[in-house]
Amino acid sequence: DTVKIGMNVPLTGFAAADGKSALLGAELAVEQANAEGGINGTEIELVHYDDQASPKQSVPIANKLIGQDEVMVGISGSYSGATRAASGIFQSEGVPYISAFAVHPDITKSGDYVFRTSFVGEVQGRAGAKLIGEMLGKKRVVVITLKNDFGQSLAAGFKAKAADFGINIVNEYEYSIKDRQFGPIVSKVKSDKPDAIYASGYFFTAGPLVSQLRAGGIDVPVIGQEGYDSEKFIEIAGPSSDGVLITTSLDRDSTVPEAKEFISAFEVKAGYKADMVAASGHTAAKVAIAAMRKAGTTDRQAIRDAIAATNMVASTGTISFNGLGEVKKDVQVQVVKDGAWHHYAVIDDQKLLTPPVE
Amino acid sequence: MLGLSGYEISLITSMGIAVIFALSLNLITGFCGQISLGHAAFYGIGAYTSAMLTKAGMPFGVGLLGAVIVAGLIGIFIGIASLRVRHDFLAITTMGVGFLFIGIMRQWDLVGGEMGVSSIPGSGLGKSGFMFLVLGFGVLTVLFSLHLKRSWMGYAFDAIADDEDTARVVGLNVSHYKLAAFAMGTALAGLAGALYAHNVRFIDPESFGFVESITVLSMVVIGGIGSVFGVVFAAAVLSVLPLWIQFIDEYKLLLYGGLLFAMMRFSPGGLAGLVKQILRHISSRKSLQKLSGGTKI
Amino acid sequence: MLQLKNVDCGYGVFQAVHNLSFSVEQGQIFALLGPNGAGKSSTIMSIAGHVKLFAGSLHFDGQDISSLLARERVRKGIAVAPEGRRLFPDLTIEENLTVGGYSQSKVKEAVNRDMVFSLFPRLTERLRQPAGTLSGGEQQMLAIGRAMMAEPRLLMIDEVSLGLMPKMVDVCYNAIRHLKSQGVTILLVEQNTKRALDVADQVCVLESGNAVWQGSADEAKKDPDLIEAFLGMTKESAA
Amino acid sequence: MLYVELLAQGLVQGSIYALVAVGLTLVYGLLRILHVAHAGLFTLGGYIGVLVTNATGSLLLALVVSMLVVGLLGMAIYRLCYQPILDKPPYVALIASIGLFIAMEEIYRIAFGPYGISYQNPPLQDVVYIFGITLRLGEVAVGVGTLVLIGALALFSTKTRFGTVWRATVTDPKMAESFGVDIIKVRYLNFFIGSALAAVAGVMVALLNNLVEPTMGSVPSYKALAIIVLGGLGDVRGTLIAALALGVIEAYGTIYLGNYLDRDAIAFAFLILVLMVRPQGLLGRA
Amino acid sequence: MSKLLEVSNVRVQFGGVVAVDDVSFSLNEGELLGFIGPNGAGKTTMMRAITGVVTPTSGSIVLDDKELVGLAVHSRVRMGLGFSQQLVKPFRNMTVLENVTLTAGSRHTRSPLGALFKVDRERDRTRAKELLELVGIVDAADADPSNLPLGYLKRLEVARALALDPTLLLLDEPLAGLNHAEAHKLADMIVDLNSAGRSIILIEHNLGEVMRICSRLVVQDNGNKIADGDPESVMNTPAVRAAYLGEDMDNAAA
Ligand SMILES: Nc1ncnc2c1ncn2[C@@H]1O[C@H](COP(=O)(O)OP(=O)(O)OP(=O)(O)O)[C@@H](O)[C@H]1O
Ligand SMILES: Nc1ncnc2c1ncn2[C@@H]1O[C@H](COP(=O)(O)OP(=O)(O)OP(=O)(O)O)[C@@H](O)[C@H]1O
Ligand SMILES: CC(C)C[C@H](N)C(=O)O
Ligand SMILES: [Mg+2]
Ligand SMILES: [Mg+2]
């Protein structure tokens with residue numbers, strides 16, 4: 001007999017790359033836990049289904065995980081839409097659900113059974129403002145925003161705090177997740193003459209964006225976020241990536257054993273270097289496992305309470321939740337140096353990083 | 001209830017919604033011959049309308065009605081604009097309408113913009129109650145489609161689908177018929193969208209994009225364009241196929257794409273065509289033979 | 001020159017022509033006659049290579065062409081002005097003729113084009129007009145002209161006078177006689193029986209896919225039963 | 001200056017659109033089918049370009065190999081996928097094509113991984129200054145290459161005998177055959193040329209973005225459709241004009257309208273406006 | 001006799017081509033008018049202007065005291081025009097009978113909403129059968145039009161127009177593609193229709209039949225009307241002879 005953790009994750013379609021990392025991360029956590037004897041001797045099984053990052057698919061999948069597979073906890077290795085739709089089902093069926101990296105602010109608002117182990121966009125946006133305005137001392141900033149929930153919530157957080165750090169937003173541009181050609185934006189940004197650029201995006205948009213900015217002769221600092229956080233970003237942007245800073249959850253040079261161990265174990269398992277999404281999948285699974293161990297029963301209410309009371313060190317830092325189920329942890333700042341991600345700073349200003357409570 | 005699990009109920013509900021949605025496109029594309037590559041926009045209009053109305057405190061029924069009316073009205077408006085273009089030009093124009101819809105919704109903060117609309121109220125009927133409601137609407141849509149096909153309106157649609165210019169020459173007010181098809185098809189799509197919104201209870205622009213328009217068109221074409229039962233069957237199967245073939249994991253979409261292709265390549269008439277082919281094989285030989293006897297005047 | 005032996009042909013499962021045999025000599029005009037649906041067009045299109053041969057054989061210049069593709073047949077010297085004209089509607093008159101002469105060298109194309117224009121001067125007035133917008137009669141001229149561009153040794157024309165005004169019918173038949181004098185063999189289908197009998201050397205009458213009469217045109221004119229029964233003319237009008 | 005620079009950027013993007021769309025135009029012009037899977041060939045072109053360049057260091061060789069392989073695959077797709085359903089209504093081929101496209105994307109993902117691949121030493125990245133505009137060499141190459149390739153094609157299809165015949169096969173292939181045209185050959189050639197041009201576009205886009213992803217074709221899959229419709233369906237010159245126009249509109253649009261509508265919506269708003277005025281496209285015949 | 005159709009100063013131009021140049025003529029109720037002229041003279045174009053498929057650059061067309069120019073094709077059909085086209089255009093996804101039944105039931109399809117509530121086709125089918133019988137192709141009632149020879153399609157086209165029960169029937173070369181006997185028979189039918197009170201304009205190159213059945217001829221050449229009157233005298237007009245008739249005069253009697 002096994003104890004089941006359910007997971008919805010995109011394995012096909014446009015989000016398949018992130019889905020794969022998240023799944024491997026979660027699998028790693030389960031393997032590690034099983035090697036330590038599972039949950040009080042019972043083996044843990046990770047049941048996962050491909051949701052193509054679509055709400056339409058994630059709703060029946062949530063029902064299936066709960067009704068058919070009778071999972072104790074669900075985790076989402078998927079994007080916002082799919083996660084948001086599934087969270088309602090988990091909430092109404094009384095099964096705890098942890099979002100590994102989906103950013104949509106409403107996810108945790110589904111109710112008290114829903115948690116998130118990654119930052120809401122706003123929090124990270126605020127960290128970005130502090131990084132640029134205070135730590136780098138740059139004041140004239142151009143904001144380039146990815147037009148989706150991720151980019152928008154980052155921009156909202158950034159703009160809310162920009163003035164506090166003396167930042168003057170000289171111009172703002174939006175682009176869509178499908179864009180890879182940024183020629184027009186580059187031309188315009190050049191004429192804006194900024195001191196720094198705050199650009200949201202994923203590695204596959206940010207890679208081309210950064211290299212085109214550099215080719216266009218713009219050499220001011222570019223500040224990104226966890227969406228950049230992949231080896232792939234450096235590969236795409238090549239030498240242009242040098243010096244790019246991001247706010248994220250994973251510290252490559254971490255001295256924390258959990259993080260170090262994760263980074264090396266993941267590379268063995270996956271055959272490529274760990275990234276933020278992988279670490280997030282790992283963290284979410286770890287939180288679920290720890291809670292089940294602590295609850296010691298198959299009572300979902302007890303497991304939920306255990307999750308709410310989480311206080312543990314994971315690959316993405318020290319995790320605890322606020323009343324809404326939002327994670328409280330430090331923001332890592334990473335920089336590209338010599339073709340790899342490295343430690344730059346940690347932002348631990350808990351006041352700035354307070355997650356929303358409602 | 002009925003011994004159905006929550007999962008099965010949600011599958012059947014999804015199927016039912018897909019059936020209504022596919023039949024709504026079948027009215028426009030199958031019956032009246034007007035190809036649309038942007039039908040998901042009207043699905044989305046229905047979903048947003050009902051979501052916003054019920055979130056504003058209106059009862060569920062008002063939400064549904066509002067969805068039908070708003071989607072139908074916008075459908076007529078788009079229909080009027082689309083009267084100028086034909087065939088593939090129409091297909092791409094409707095595709096453009098789809099993209100424009102998404103573009104507007106993304107930007108429109110009143111309806112959540114990129115963030116979409118969360119916490120949409122449920123139907124208040126419970127899971128299985130909602131399933132029965134969806135099935136009820138599904139059955140009504142099927143009956144309506146069957147009636148339409150047999151009626152003189154369906155007859156006129158056949159003519160228009162075949163050759164618009166000739167249809168005019170035999171006295172059909174082609175524009176009015178096309179608009180009627182658009183109005184009915186988009187209103188029904190609005191209904192399907194509203195049901196979707198209250199089922200998934202979270203909507204965002206991306207849920208009503210090009211992929212969704214293509215998906216519903218493939219349901220219609222695979223079912224057999226213009227056929228009612230073929231489309232019902234294809235919509236039911238295709239809507240849950242991705243969930244059924246979970247076991248092949250990352251080969252899922254490959255199989256799905258391959259199936260779409262293979263179906264068209266080997267049975268271009270869709271499922272309905274396949275059945276008809278078999279039936280016709282036996283009966284129609286005779287009528288041809290009769291004529292080959294030659295005629296003497 | 002052209003020989004059909006026991007030809008069965010048709011569409012899919014449907015057989016339009018049964019066991020048809022006839023032969024056309026070099027330089028002759030051969031007319032296929034018969035009522036609607038008799039299989040005249042089917043016969044022509046099977047010689048052109050478009051209608052499927054179920055059984056029997058086609059010989060051209062003593063060579064079996066039954067299995068040749070349509071485009072190989074035109075290179076052997078067979079061209080067709082088909083029923084319904086089947087012009088390329090989006091192409092201009094000029095371009096339609098270009099396609100007609102595609103199997104010929106460019107030099108010959110120019111010569112043939114001049115010949116077509118001298119036969120149908122009306123076409124020269126509208127060189128750039130898309131064929132689809134021509135009047136019925138203009139289309140018919142273009143269809144015949146296009147076939148002539150291939151410089152055929154066997155020219156097949158389905159429904160020669162269809163849609164042509166009396167004067168133009170004369171023009172066409174003059175053209176046919178002219179081509180004959182140049183040694184071109186002609187196979188034609190015609191509803192205007194009298195015109196056909198006047199110009200033809202040999203005649204074959206089809207009905208319901210079967211040949212019901214074959215012989216010389218002179219004999220045909222003298223056979224009142226034939227004319228009344230199959231060609232639907234009164235004796236007086238045939239005389 | 002900014003306006004000129006935006007114009008240049010728009011033309012570069014438009015050139016890429018043109019390279020992809022022209023193949024679609026050729027196929028549409030000949031067979032009246034909307035060949036969505038063409039975008040899948042474009043992606044494959046990119047993959048082959050990157051793989052061969054990384055293995056041999058020669059972009060030129062990569063271009064040649066990519067054009068050849070993709071061209072041949074285009075021919076195979078015609079023969080195996082479209083030819084058998086040509087006499088069916090057009091949406092049959094459309095859905096078949098969409099199915100094929102989805103399957104192709106997934107095959108790339110499974111074969112080359114979900115993350116996409118990049119050039120190890122991306123060529124043509126040097127920056128040149130033309131009349132005060134900064135452009136990468138790759139961008140210049142795209143613009144110039146497109147004009148030459150498509151210009152030649154447009155001349156070929158309207159001015160040569162073969163081009164005329166080519167168009168004749170559209171409405172009545174059987175009759176064309178009756179005048180000695182080998183329609184199979186015409187169609188093979190057509191698919192080869194169209195697909196090879198898509199391959200060029202794939203290699204160049206890979207170069208400009210330094211990224212080839214399994215989903216690289218998803219935008220071209222529909223935008224190229226919009227372009228050929230805008231151009232008047234089946235008209236090579238129209239396609240070129242429409243593609244460049246769209247590229248330029250998008251370039252200005254992202255800057256001045258980007259905060260109101262996304263790029264796709266801008267493009268399609270333009271499309272709809274044009275079609276309301278000219279329902280037959282820019283160069284289409286009424 | 002009252003005027004049914006009055007065409008005045010109609011001009012149709014395609015780009016540089018003037019297909020119909022300032023033509024006027026009229027048709028009395030119950031007349032069977034032959035509209036003839038050389039190939040490319042603009043007869044079909046005139047007919048299309050009357051039905052509304054092309055828009056005249058100037059001129060007016062009045063049917064039953066109502067101006068037609070500016071009205072949509074379908075409205076004109078509803079006002080009593082029936083139209084059999086030179087290039088046959090059957091609905092190919094319907095059988096021959098269904099093609100005719102559709103127009104036989106045209107009163108059901110006046111508005112979409114009304115059409116939605118009517119289902120029964122039996123009566124119109126019976127009527128359609130009668131019309132197919134009348135034009136002589138009832139044996140092909142259940143056939144697929146794509147498989148039919150031209151002669152059949154021509155008559156289908158006529159039957160379909162007739163089923164609209166038009167006050168004015170426009171026939172564009174209905175006899176083309178028929179042999180003597182077939183043409184003769186269809187021409188007789190046209191006469192019967194006319195005697196039953198239907199006004200008809202017949203465009204036709206089969207002069208023999210035209211001369212036999214028409215009570216009046218209008219001749220158009222090169223976009224201009226060159227003659228109008230009773231068949232005998234029109235045929236004796238030198239201009240008509242020169243433009244239209246062949247050297248083989250027997251033709252006219254064939
Ligand atoms: N594409 C087709 N598919 C099936 N049957 C066909 C097709 N074309 C013609 N037929 C049938 O073949 C038979 C012979 O037709 P064909 O066209 O050869 O006659 P025809 O003698 O040329 O008549 P017409 O004088 O009317 O042109 C007819 O019964 C017709 O229905
Ligand atoms: N869309 C068009 N564009 C250009 N020219 C046209 C168009 N339609 C018709 N024409 C020209 O107008 C003239 C009149 O054509 P129409 O079809 O009316 O002639 P018609 O009298 O019916 O001849 P026929 O007896 O040969 O059918 C022709 O020369 C034709 O080429
Ligand atoms: C891969 C992650 C950066 C995904 C992102 N957090 C989102 O939800 O869109
Ligand atoms: Mg025939
Ligand atoms: Mg005419």
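Note on naming: letters A, B, ... go to the chains in the order of the sequence lines (proteins, then strands), and numbering restarts at 1 for each one. Just so it is clear, the model here is predicted, and its values are computed rather than measured. We use all heavy atoms of the structure for the numbers below, so side chains are in, but hydrogens, waters and symmetry mates are not.
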Checked Thr93(B), Leu260(B), Asp88(B) vs chain D; the most non-hydrogen pairs under 4.5 Å come from Asp88(B)
One option among Val85(B), Leu255(B), Leu100(B), Leu253(B) has the most heavy-atom pairs under 4.5 Å with chain D, and it is Leu253(B)
Most heavy-atom pairs under 4.5 angstrom with chain B, which of [options]?
options	answer
Ala103(D), Ala37(D), Pro89(D)	Ala103(D)
Ala226(D), Ala269(D), Cys81(D)	Cys81(D)
Ala96(D), Pro114(D), Ser97(D)	Ala96(D)
Val229(D), Ile102(D), Asp262(D)	Val229(D)

Gap separating the [atom1] atom of [X] from the [atom2] atom of [Y], nearest 0.5 angstrom:
X	Y	atom1	atom2	answer
Phe89(B)	Leu233(D)	CZ	CG	4.0 Å
Met95(B)	Leu271(D)	CE	CG	8.0 Å
Ser218(B)	Leu94(D)	OG	CG	9.5 Å
Met104(D)	Leu254(B)	CE	CG	12.0 Å

Contacting moiety of Phe210(B), where chain D heavy atoms sit under 4.5 Å
side chain
What part of Val211(B) is in contact with chain D, defined as an atom under 4.5 angstrom from a non-hydrogen atom: side chain, backbone, both or neither?
neither
Restricting to non-hydrogen atoms, name the atom on [X] and the atom on [Y] that form the minimum distance, rounded to 0.1 Å.
X	Y	value
Ile225(B)	Tyr91(D)	CG2-OH, 2.7 Å
Pro268(B)	Ile85(D)	CG-CG2, 4.0 Å
Phe261(B)	Leu100(D)	CB-N, 3.9 Å
Arg84(B)	Pro279(D)	O-CB, 3.2 Å

When the ring planes of Phe268(D) and Phe99(B) are compared, do they come out parallel, tilted or perpendicular, using 30° and 60° as the limits?
parallel
